[in-house]
Student: 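Dropping the structure in here first, questions after.
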Amino acid sequence: MINVTLKDGSVRSYEPGTSLLEIAFNISPRLAKETLVARVNGKLADLNEKIYNDSEVELLTFDSDEGKKVFRHSASHVLAQAVQRLFPGTKLAIGPAIANGFYYDFDKEQSFTPEQLEKIEAEMDKIIKEDWPFGRVELSREDALRKFNERGEQYKVELIKDLPEDAVISCYQQGEFEDLCAGPHVPSTGRLKALKLLSVAGAYWRGDEHNKMLQRIYGTAFPKKSLLEEHLHRLEEAKRRDHRKLGAELDLFSIHEEGPGFPFFHPKGMILRNELEKYWHEEHKKRGYDEIRTPVILNRSLWEQSGHWDHYRENMYFTRIDEGDYAIKPMNCPGSMLIYRNRPHSYRELPIRMAELGLVHRHELSGVLHGLMRVRCFTQDDAHIFMLPSQIKDEIVGVIDMVNDFYQVFGFKYHVELSTKPDKAMGSDEIWELATGTLQEALEARGLPYKINEGDGAFYGPKIDFHLEDCLGRTWQCGTIQLDFQMPELFDLTYVGEDGQKHRPVMIHRVVFGSIERFIGILTEHFAGAFPAWLAPVQVKVLPITDRHLEYAYKVVEALAKREIRVELDARNEKVNYKIREAQAQKIPYMLVVGDRESEAGAVAVRHRSQGDLGAVQLEQFIEDLVQEINSKECK
RNA sequence: GCCGACGUGGCUCAGGGGUAGAGCAGCGCACUCGUAAUGCGCAGGUCGUCGGUUCAAAUCCGACCGUCGGCUCCA
């Protein structure tokens, strides 16, 4: 007999050679039905795998991340099977599980039409009903190569060739279909109860634009129809939070054919911007930053000196002035360099923190433009910190804390990535290692979990990126901290040390919001347009019941405006219900209904956009409460 | 930039070879109303742009522009 230790610590004895599925069934038939895959001694395994030794076994259902992944990965195999049934000769590339679903990349002459997608989905349902078991076969590299070569599956052959020497090569088979795959999989296709294909898109083989473009079919899958429907419903809901839609509805900004990727901010959008910037100015002042402003157009020699001419040219716009070549700045740093270099500096001055809300222009590919999230001109809430080598860690930690403080005000959750040396980098490996190590130390000093992004750093240095989520869970880089040993060198920046000698300062580039535009996009989706009172373009809407109450309504408006509350009056000859509906649609935090009772008592009937009717309070009291809510930047 | 889909009044959408239709928003009139849509009327579009096919194009074809979903890139 062998002992199997379960997740809860309990130990059960079985005959050697008992399968994991049998173990699950032995625990409870229901568990056997829900279990998709198991972890045996730390490694994921198919349920029909048999156990011969004492083992630790964890049975995983769809509720676990691994369970979801295996489930959807299995769904991608079923997708590939359906496609090969309906379109023989279609070549297979890769088909992984992703965050909320799966995809499979295919190489096929004609592109998939929406009608074909429906047919594929129907075929997948058929395969599920056929309930093929997933079978695993291990084979030698030679056999694997021969097998996939014979079938003309050139992508699989390429994948096999790239597998490490010692890799176990395995194939999984369901029915007539077989695919190269490390596994594991769910026991049989019948487990994949509810699935839906969502879209087709082009995708380069191995993500490289020099390679052939394949067709990627995206889908999602759940063990229950109701879960699938819930998910699809959530997607629909999320679309309502889309900042592009809300931006138009709330009259925040617009983007026109006349300037793709160049957003126009409307009066209400400007209120958001200005409030964010006001907060930003205050915080930076508190934290010892000075503010500067540098020009948008600067001449070619500067960009040659900074390295942008060689490393960033494809992203830049150019112009000519008189006989000279000029570039529109894609980054603010060279301007800051010139200010630093404008006069000598003493070590006593450092760190110098120079902040700039700088408008930069970058040529982004037309296909990637996305509302305010990816644009061709944006305002970076930039700063360059010039410091002694001994100050690096403290300064980085200071910025990490600042970013965290800012994001907390909005209730954002974020994740952190550390990006390392890219191919197109300046400077030696040693300097890069030093810089990267320093960033790592700072992250660890703050105990922040982070993911490493190999080769994704800026050309002048490694960076820490802060990513925020949009309504569909797509993440966008916002804050970033970049450590730079290059620019001070290139611009020959110096400070005079204690020893009276010239020394080289170290610099960091950093942004907190990232770009004001993107941040407003994220903000809009995060709050679904219902901005906290301190940010709301209109904080209060006064709604007189009839025109008999207009006079008092004007008094209310005046009293609020006096306290710098952003207030509007709906003086139209409409019913209260109608006015409320519109104010609600505009997500205005407070609606003040005024009629006979209120005008007589000097009161206002308060309605909050999410809490509803709050009853009448004295006007003065309402003002005090609201001012307090605004000043504390409360989110409600 | 690449792959695919889409582009009809401010918004949401119908129509589809014989020269445009609805609802909402807007404007006017009436109603003077208590917490998410009062009624009636009026006005508003060279159907993204440019070319082609046709007696006739919003409708068919092509190119371009833009948008959307991805790929790649990045704040």
Side-chain angles (χ1 to χ4, degrees), chain A residues 103 105 111-114 117 198-218 239 242 244-245 248-249 251 254-261 312 314-315 330-331 358 360 362-375 377-382 419 422 453 456 458 463 465-468 472 474 476-480 482 509-519 521-522 543-550 573-585 591-598 605-609 612-616:
Chain A
Y103 68 76
D105 285 346
S111 37
F112 292 108
T113 64
L117 230 56
L198 297 170
S199 62
V200 211
Y204 301 107
W205 166 238
R206 303 200 140 172
D208 185 337
E209 61 180 319
H210 303 296
N211 288 339
K212 183 165 187 185
M213 182 163 269
L214 309 173
Q215 294 187 65
R216 175 171 299 178
I217 298 182
Y218 283 92
K239 282 188 196 147
D242 192 310
R244 291 165 299 186
K245 192 171 154 60
E249 284 170 9
D251 201 16
S254 55
I255 301 179
H256 304 260
E257 272 198 33
E258 289 82 350
Y312 207 70
E314 320 81 78
N315 284 294
M331 295 186 194
V360 297
R362 295 183 185 174
H363 180 73
E364 297 291 345
L365 295 177
S366 58
V368 306
L369 300 177
H370 184 96
L372 292 181
M373 302 295 199
R374 181 161 290 107
V375 290
C377 78
F378 55 100
T379 307
Q380 287 186 305
D381 64 317
D382 219 339
S419 297
N453 247 337
D456 222 22
K463 54 181 190 165
D465 294 327
F466 296 81
H467 293 250
L468 296 172
L472 288 172
R474 294 176 290 211
W476 300 88
Q477 182 184 320
C478 289
T480 173
Q482 310 178 348
H509 312 240
R510 49 108 279 190
V511 289
V512 180
F513 291 138
S515 100
I516 307 278
E517 289 76 6
R518 179 178 287 180
F519 200 81
I522 297 276
L543 313 176
I545 289 173
T546 74
D547 47 19
R548 188 168 72 243
H549 309 109
L550 262 178
N573 192 1
E574 291 290 351
K575 295 194 168 167
V576 200
N577 277 333
Y578 182 85
K579 295 182 184 181
I580 285 174
R581 184 184 157 78
E582 207 168 274
Q584 283 286 156
M591 286 149 267
L592 299 181
V593 178
V594 294
D596 289 334
R597 296 201 293 269
E598 290 74 22
V606 181
R607 180 191 166 93
H608 185 264
R609 65 182 168 211
D613 191 352
L614 299 175

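Reckoned from all heavy atoms, side chains included, excluding hydrogens, waters and symmetry mates. Letters A, B, ... mirror the listed sequences (proteins, then strands); counts begin at 1.
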Student: Quick check for you: among B:A36, B:U35, B:C73, whose closest atom lies nearest to any side-chain atom of A:Val593?
Tutor: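 Of the options given, the side chain of A:Val593 lies nearest B:U35.
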Student: Side chain to side chain contact (heavy atoms under 4.5 Å, CB included), that's the test. Do A:Gln584 and A:Met591 meet it? Break it down for me.
Tutor: CA-CA 8 Å; A:Gln584 283 286 156; A:Met591 286 149 267; 3.0 Å; yes
Student: Verify the contact: side-chain N or O of A:Arg206 to OP1 or OP2 of B:C71, cut-off strictly under 4.0 Å; return yes or no.
Tutor: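 Looking at the OP1 and OP2 atoms of B:C71, neither is under 4.0 Å from any side-chain N or O of A:Arg206.
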Student: Roughly how far apart, to the nearest Å, are B:U8 and B:G45 at atom P?
Tutor: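 Going atom to atom, P in each nucleotide, I get 16 Å.
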Student: Using every non-hydrogen atom in the two residues, find where A:Val368 and A:Arg374 come nearest and quote the distance to one decimal.
Tutor: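 Of all heavy-atom pairs spanning A:Val368 and A:Arg374, the closest is CG2-CD, 3.3 Å.
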Student: Step by step, work out the side chain to side chain contact (heavy atoms under 4.5 Å, CB included) result for A:Leu468 and A:Phe519.
Tutor: CA-CA 9 Å; A:Leu468 296 172; A:Phe519 200 81; 4.0 Å; yes
Student: For RNA chain B, what string of dots and brackets results from 5' to 3' when Watson-Crick and G-U pairs need both distances under 3.5 Å, crossing pairs get [ ], and pairs with another strand get |?
Tutor: ((((((((.[[[[.)..(..]]]].(((((.......))))).....[[[[[..)....]]]]])))))))....
Student: Begin from the C-alpha positions of A:Asp596 and A:Arg548 and carry the test side chain to side chain contact (heavy atoms under 4.5 Å, CB included) through to its verdict.
Tutor: CA-CA 8 Å; A:Asp596 289 334; A:Arg548 188 168 72 243; 2.9 Å; yes
Student: In whole Å, I'd like the distance from the CE atom of A:Met213 to the P atom of B:G1.
Tutor: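 That distance rounds to 13 Å.
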Student: With heavy atoms under 4.0 Å as the rule, sort A:Ser366 into base, sugar-phosphate or nothing.
Tutor: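 Contact class for A:Ser366: base.
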Student: Once you round to the nearest 0.5 Å, how far does CD of A:Gln380 lie from CD of A:Glu517?
Tutor: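 Here the interatomic distance stands at 9.5 Å.
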Student: Distance from A:Arg474 atom CZ to A:Ile522 atom CD1, nearest 0.5 Å?
Tutor: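 That separation rounds to 10.0 Å.
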Student: Say we look at B:C68 and B:A43: how far apart would their C1' atoms be, to the nearest angstrom?
Tutor: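 32 Å, rounded to whole Å.
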Student: Which nucleotide in the list B:G69, B:A75, B:G26 gets nearest to the side chain of A:Ala201?
Tutor: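 Of B:G69, B:A75, B:G26, B:G69 is nearest to the side chain of A:Ala201.
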Student: May I ask you to evaluate whether A:Gln584 reaches the phosphate of B:A36, defined as a side-chain N or O under 4.0 Å from OP1 or OP2?
Tutor: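 For B:A36, OP1/OP2 do not have a side-chain N/O of A:Gln584 under 4.0 Å.
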Student: Could you state the atom-to-atom distance from CD1 of A:Ile217 to P of B:G70 in whole Å?
Tutor: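 A:Ile217 atom CD1 is separated from B:G70 atom P by 16 Å.
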Student: Does A:Ser111 or A:Glu598 map to a spot on RNA chain B nearer the 5' end, using the closest nucleotide for each?
Tutor: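 Upstream on the strand: A:Ser111.
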Student: Taking only side-chain N and O atoms of A:Arg244, does any of them lie within less than 4.0 angstrom of OP1 or OP2 on B:G69?
Tutor: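 Yes, because at least one side-chain N or O of A:Arg244 sits under 4.0 Å from OP1 or OP2 of B:G69.
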Student: Might you point out which heavy atoms bring A:Gln482 and A:Ala458 nearest each other, and give the distance in Å?
Tutor: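 The answer is OE1-CB, 4.0 Å.
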Student: Relative to the 5' end of RNA chain B, which residue comes earlier, A:Arg474 or A:Gln215, by the nucleotide with the nearest heavy atom?
Tutor: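 Looking at the nearest nucleotide for each, A:Gln215 comes out on the 5' side.
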Student: Mind listing the N/O atom pairs, protein and nucleotides 30-32 of chain B, below 3.5 Å?
Tutor:
unit_1	atom_1	unit_2	atom_2	d
B:C31	N4	A:Asn573	ND2	2.4
B:U32	O2	A:Asp547	N	3.3
B:U32	O2	A:Asp547	OD1	3.3
B:U32	N3	A:Asp547	OD1	3.3
B:U32	N3	A:Asp547	OD2	3.0
B:U32	O4	A:Asp547	OD2	3.2
B:U32	O4	A:Asn573	ND2	2.9

Student: What integer number of Å spans the C1' atoms of B:U12 and B:C71?
Tutor: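 One C1' to the other, the span is 31 Å.
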Student: Tell me which nucleotide among B:G70, B:U72, B:A37 gets nearest to the side chain of A:Arg581.
Tutor: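 Closest of the options to the side chain of A:Arg581: B:A37.
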Student: Go through the N and O atoms of the side chain of A:Tyr204 and the base of B:G70, and report whether any donor-acceptor pair is under 3.5 Å.
Tutor: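 Side chain to base: no pair below 3.5 Å.
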Student: In whole Å, I'd like the distance from the CD atom of A:Glu314 to the P atom of B:C74.
Tutor: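 Going from CD in A:Glu314 over to P in B:C74 covers 10 Å.
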Student: Does any N or O donor sit under 3.5 Å from an N or O acceptor when you compare the side chain of A:Glu364 with the base of B:G1?
Tutor: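 Side chain to base: no pair below 3.5 Å.
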Student: Provide the distance between the two P atoms, one in B:U46 and one in B:G26, to the nearest whole Å.
Tutor: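 Going atom to atom, P in each nucleotide, I get 22 Å.
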Student: Would you say the base of B:A36 and the side-chain of A:Arg607 have a donor-acceptor pair closer than 3.5 Å?
Tutor: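 It does, because a donor-acceptor pair links the side chain of A:Arg607 to the base of B:A36 below 3.5 Å.
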Student: Distance check, C1' atoms only: B:U19 and B:G15, in whole angstrom units.
Tutor: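 My reading of the C1' atoms in B:U19 and B:G15 gives 14 Å.
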Student: Think A:Lys463 has a side-chain N or O under 4.0 angstrom from the OP1 or OP2 of B:A75?
Tutor: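 Yes, within the criterion.
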Student: In whole angstrom, give me the gap between the P atoms of B:C13 and B:C61.
Tutor: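 Roughly 23 Å separates the two P atoms.
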Student: With heavy atoms under 4.0 Å as the rule, sort A:Val511 into base, sugar-phosphate or nothing.
Tutor: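 If one applies the 4.0 Å heavy-atom cut-off, A:Val511 turns out to touch nothing in the nucleic acid.
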Student: With the six-membered base ring of B:A75 as reference, does the ring of A:Phe378 sit under 5.5 Å away with planes under 30° apart?
Tutor: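 One would call A:Phe378 stacked on the B:A75 base.
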Student: With C1' as the reference atom in both, quote the distance from B:A56 to B:G1 in angstrom, rounded to an integer.
Tutor: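 Going atom to atom, C1' in each nucleotide, I get 40 Å.
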Student: Can you check the A:Lys212 NZ to B:C71 P distance for me, whole Å?
Tutor: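 Rounded to whole Å, this separation is 20 Å.
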Student: Check the distance between B:A36's P and A:His608's NE2 and give it to me in whole angstrom.
Tutor: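 It is 16 Å, rounded to the nearest whole Å.
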Student: Can you tell me how far P of B:C68 sits from CG of A:Leu369, to the nearest Å?
Tutor: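 Atom CG in A:Leu369 sits about 8 Å away from atom P in B:C68.
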Student: Atom CG in A:Asp242, atom CD in A:Glu249: separation rounded to 0.5 Å?
Tutor: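 Reported to 0.5 Å precision, the distance equals 10.0 Å.
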Student: Hey, what do you get for CG (A:Asn315) to CG (A:Leu365), rounding to the nearest 0.5 Å?
Tutor: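 One finds 8.0 Å between CG of A:Asn315 and CG of A:Leu365.
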Student: What's A:Leu214 touching, base or sugar-phosphate or nothing? Going by heavy atoms closer than 4.0 Å.
Tutor: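 The answer is nothing, as A:Leu214 stays clear of every strand by at least 4.0 Å.
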Student: Given B:G69, B:G70, B:U72, identify the nucleotide with an atom nearest to the side chain of A:His370.
Tutor: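 The answer is B:G69, which lies nearest to the side chain.
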Student: If you take all heavy atoms of A:Asp381 and A:Val512, which pair is closest and at what distance?
Tutor: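 Looking at all heavy atoms of both residues, the shortest contact is OD2-N, 3.0 Å.
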Student: Do you know the tightest heavy-atom contact between A:Lys463 and A:Gln477?
Tutor: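 Closest approach of A:Lys463 to A:Gln477: NZ-OE1, 3.5 Å.
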Student: Between B:A75, B:G34, B:U72, spot the one nearest the side chain of A:Ser515, thanks.
Tutor: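 Out of B:A75, B:G34, B:U72, the nucleotide with an atom closest to A:Ser515's side chain is B:A75.
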Student: Could I get the full list of ring pair (Phe, Tyr, Trp, His ring centres under 6.0 Å) partners for A:Phe378, not counting sequence neighbours?
Tutor: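 Testing A:Phe378 for ring pair (Phe, Tyr, Trp, His ring centres under 6.0 Å), a comparison that skips the adjacent residues, returns none.
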Student: With P as the reference atom in both, quote the distance from B:A5 to B:C64 in angstrom, rounded to an integer.
Tutor: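 Result for the P pair: 15 Å, nearest Å.
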Student: Out of B:G69, B:A75, B:A37, which nucleotide sits closest to the side chain of A:Gln477?
Tutor: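 From the listed options, B:A75 comes nearest.
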